[in-house]
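Take a look at the structure set out below.
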Amino acid sequence: AMIRGRCALVVVVLLGVGRCATDEPSRLGDVCARDSQCESGRCDELICKARDLRGAGEACAHYLQCRSEHCSGGRCAAGLRGAGAPCSDDLQCAAGSCLGGTCGPGAPSDGGPGEAGVTDGSGRDGPRTDGLAVDRSDVELGSGPMINVARAWAWGGLGTDEIAGMVVDAGGNVYLVGRFEQSVDFGGGALTAAPDAGDGFVASFTPEGLHRWSRPFGGSADGGGQGLALGADGYLYVTGFIDDGAGMQDDVYLARYVAATGALDWSRTFVGPKWDKGAQIAVDDLGGLCLAGEFDETLDLGSGQPLTSAGSASFVACFSAADGGQRWSRALPNVWTEQLGPTLWRGSDLTVDTSGNLFYAATFNSPSTPVDFGGDAWTTGATDVVVASYAGNNGAHRWSRKGGGWSNDRVYSVTVDAQYNVHITGEFRGEAEFGGATLMGDGGMDGFAGSYRGSDGVHRWSVGWGGVD
């Protein structure tokens, strides 16, 4: 989540959908908005908590039965919230002192300095370094399904801080990429951005939300992270943009980090004369990684043979995962992008199959001039959807398909399954066709999903859904 002005980065890991608020009262740890939604009759900090709380050393089966909100070995233990964390009881704080709703100074909790208490189901607190308090008035849950929050934590500094992507490994460790301004502390010490600008960051946390490592990246003028992917080789691959201040233009950033420690293995910067950014990244099982992004006029992605365009354009490219050396790249038409925050955006998406073939999905807008993504040339209604595939070894066009109707149609994600079928999802307005029967909307923007055969792009099915608004 991104908030303008003084911002906080917020991560919520959802365990699943629980009971409806109108069906039966919620149990300890369930999300709530009012006391009447909880079996215990007590809703505090948007979570159902026990009414009769137990002191240190008393028996417990759940951390929310304890005044400290920490149950260890079947007994209520000392609180873990660090200085500056929000609190409602002295025993929640590591220092044993809650003054004016904030934990006083004292020994920090074991996740790092300055952590605050956003609790999880294990009884251990995760980091929330800016001490952001959550009040029940901030969220209106109404009478819809209740969501069980497994873990939630937040950070923030005095500038604008944004999360652009997240992945989770098989062990439950969380990896984030994004951008921050001025400084931010994820639990391992403050990261400092370029003066009067911002920098990218990549960070990792345990399944309990404890800091593992965090790293900044950027030029002397600006930087930001846009996409990340976790490889089976134990490395984390990151893309985005950096600006070294020469001409005040962004350049494509591509890097590989050791997932376990955050150590930088290699990084590449691809410089053009104007605005260039890496957007999305995917890793295959054959030692390759592929990248989608944008460039303006010309961009050399490492081959010595620059991509060229009459203006703004998009690109796809594949590289060696071992060292970032380019295998191939190709320019594509300019694609529509949507602003996620002051500096981060989304446009295209891509994925790869186990053979290394690339699948690319994007929204494009060209109502008068036909454009092509390697196959047929098309014009659009307002904005339309394209899904295309390129050979992993040389970037040769395999197939491309257009979808949409007379109004605004957008695609947001693409994935491929174990049977090599390709799936896309997005939204449409009015009526749209994605290779099968025309989908009819119910009013406003409606959702859609479509599926294609990965080998040749033959349409398998498409469905739409929505309401009157």
Exercise. Regarding Tyr420 and Thr354, is there a side-chain donor-to-acceptor distance under 3.5 Å anywhere?
Worked result: yes
Exercise. Can you check whether Asp169's main-chain N or O pairs, donor with acceptor, with Asn173's side chain at less than 3.5 Å?
Worked result: no
Problem set entry | Minimum heavy-atom distance between Leu191 and Arg215, given as atom pair plus value | CD1-C, 4.2 Å
Problem set entry | Electrostatic pair Arg179-Glu181, nearest N-O below 4.0 angstrom | yes
Exercise. What heavy-atom pair brings Val174 and Val168 nearest, and what distance separates the two atoms?
Worked result: CG2-CG2, 4.3 Å
For this session: Run the numbers on Val352 and Val283 for side chain to side chain contact (heavy atoms under 4.5 Å, CB included), then give the verdict.
Result: CA-CA 7 Å; Val352 292; Val283 186; 5.9 Å; no
Problem set entry | By ring-ring contact (aromatic ring centres under 6.0 Å, His included) - contacts of Phe319 (at least two apart) | Phe270
Exercise. Side chains of Leu236 and Leu228: does their closest heavy-atom pair fall under 4.5 Å?
Worked result: yes
Exercise. Donor-acceptor pair, Asn421 side chain versus Asp417 backbone, under 3.5 Å?
Worked result: no
Exercise. Does a side-chain N-to-carboxylate-O contact under 4.0 Å join Arg42 and Asp35?
Worked result: no
For this session: Scan Ser389, Ser314, Ser400 and name whichever one has a side chain to side chain contact (heavy atoms under 4.5 Å, CB included) with Tyr360.
Result: Ser314
Exercise. Yes or no on disulfide bond (SG atoms under 2.5 Å apart) for Cys71 and Cys76, after CA distance, side-chain angles and deciding distance?
Worked result: CA-CA 5 Å; Cys71 180; Cys76 292; 5.8 Å; no
Exercise. Okay, side chain of Ser355, backbone of Asn357: is any donor-acceptor separation there less than 3.5 Å?
Worked result: no
Problem set entry | Any side-chain heavy-atom pair of Val387 and Phe434 under 4.5 Å | no
For this session: Apply side chain to side chain contact (heavy atoms under 4.5 Å, CB included) to Gln65 and Cys60, showing your working.
Result: CA-CA 6 Å; Gln65 293 174 329; Cys60 59; 3.8 Å; yes
Problem set entry | Rounded distance [0.5 Å steps], CG in Asp284 versus SG in Cys318 | 7.5 Å
For this session: Would you indicate whether the side-chain heavy atoms of Arg401 and Trp399 approach each other to under 4.5 Å?
Result: yes
Problem set entry | Value rounded to 0.5 Å, distance of CG in Asp199 from OG1 in Thr192 | 9.0 Å
Problem set entry | Check ion pair Glu427-Arg410 (N to O, under 4.0 angstrom) | yes
Exercise. Between Gly225 and Val177, what is the shortest heavy-atom contact and its length?
Worked result: CA-CG2, 3.6 Å
Exercise. Do any N or O atoms from the side chain of Trp406 and from the backbone of Arg429 form a donor-acceptor pair under 3.5 angstrom?
Worked result: no
For this session: Ignoring hydrogens and angles, tell me if any N or O in the side chain of Thr239 forms a donor-acceptor pair with the backbone of Gln280 under 3.5 Å.
Result: no
Exercise. When you measure from the side chain of Asp90 to the backbone N and O of Cys98, does any donor-acceptor pair fall under 3.5 Å?
Worked result: yes
Exercise. Looking only at side chains, do His423 and Ser451 share a donor and an acceptor under 3.5 Å apart?
Worked result: yes
Problem set entry | Check against side chain to side chain contact (heavy atoms under 4.5 Å, CB included), Phe241 and Gln226 | CA-CA 8 Å; Phe241 63 93; Gln226 290 280 166; 4.1 Å; yes
For this session: Using modelled atom types only, decide if a donor and an acceptor are shared between the side chain of Glu208 and the backbone of Leu210 within a distance under 3.5 Å.
Result: no
Exercise. Quick one: does Asp222's side chain have a donor or acceptor within less than 3.5 Å of a partner on Gly198's backbone?
Worked result: yes
Problem set entry | Pair His459 and Tyr452, ring centroids less than 6.0 Å apart | yes
Problem set entry | Flag side-chain contact, heavy atom, 4.5 Å: Asp409 against Phe448 | no
For this session: Mind checking the CD-CE spacing from Glu431 to Met440? Nearest 0.5 Å is all I need.
Result: 4.5 Å
Exercise. At what distance, to the nearest 0.5 angstrom, does NZ of Lys49 lie from NE2 of His62?
Worked result: 11.0 Å
Exercise. Partners of Phe364 by ring-ring contact (aromatic ring centres under 6.0 Å, His included), sequence neighbours excluded?
Worked result: Phe373
Problem set entry | Polar side-chain atom of Arg67 near backbone of Gly55 as donor-acceptor pair, under 3.5 Å | no
Exercise. How long is the span from the CZ atom in Arg256 to the OH atom in Tyr237, to the nearest 0.5 Å?
Worked result: 4.0 Å
Exercise. Hey, does the side chain of Trp266 reach the backbone of Ala322 with a donor-acceptor pair shorter than 3.5 angstrom?
Worked result: yes
Exercise. Do Phe186 and Phe201 have side-chain heavy atoms sitting under 4.5 Å apart?
Worked result: yes
For this session: Measure from the ring center of Phe217 to the ring center of Tyr253 and say whether it is less than 6.0 Å.
Result: yes
Problem set entry | Tyr235 ring center near Tyr257 ring center (under 6.0 Å) | no
For this session: Please examine the side chains of Val202 and Leu176, heavy atoms only from C-beta on, and report whether any two atoms are closer than 4.5 Å.
Result: no
Problem set entry | Nearest heavy atoms of Ala361 and Val414, plus distance in Å | CB-CB, 3.8 Å
For this session: Locate the shortest heavy-atom distance separating Ser40 from Ala50; write the atom from each residue and the value.
Result: CB-CA, 4.1 Å
Problem set entry | Check: His70 and Tyr63 side chains under 4.5 Å, non-hydrogen atoms | no
For this session: Kindly indicate whether the side chain of Thr363, heavy atoms from C-beta on, has any atom under 4.5 Å from the side chain of Val335.
Result: no
Seminar exercise, completed: Heavy-atom closest pair (Ala259 atom, Leu230 atom, distance to 0.1 Å) is CB-CD1, 3.9 Å
Problem set entry | SG-CZ distance between Cys290 and Phe359, expressed to the nearest 0.5 angstrom | 11.0 Å
For this session: Assess whether side chain to side chain contact (heavy atoms under 4.5 Å, CB included) is satisfied between Ile242 and Val252, documenting all intermediate values.
Result: CA-CA 7 Å; Ile242 64 173; Val252 176; over 6 Å; no
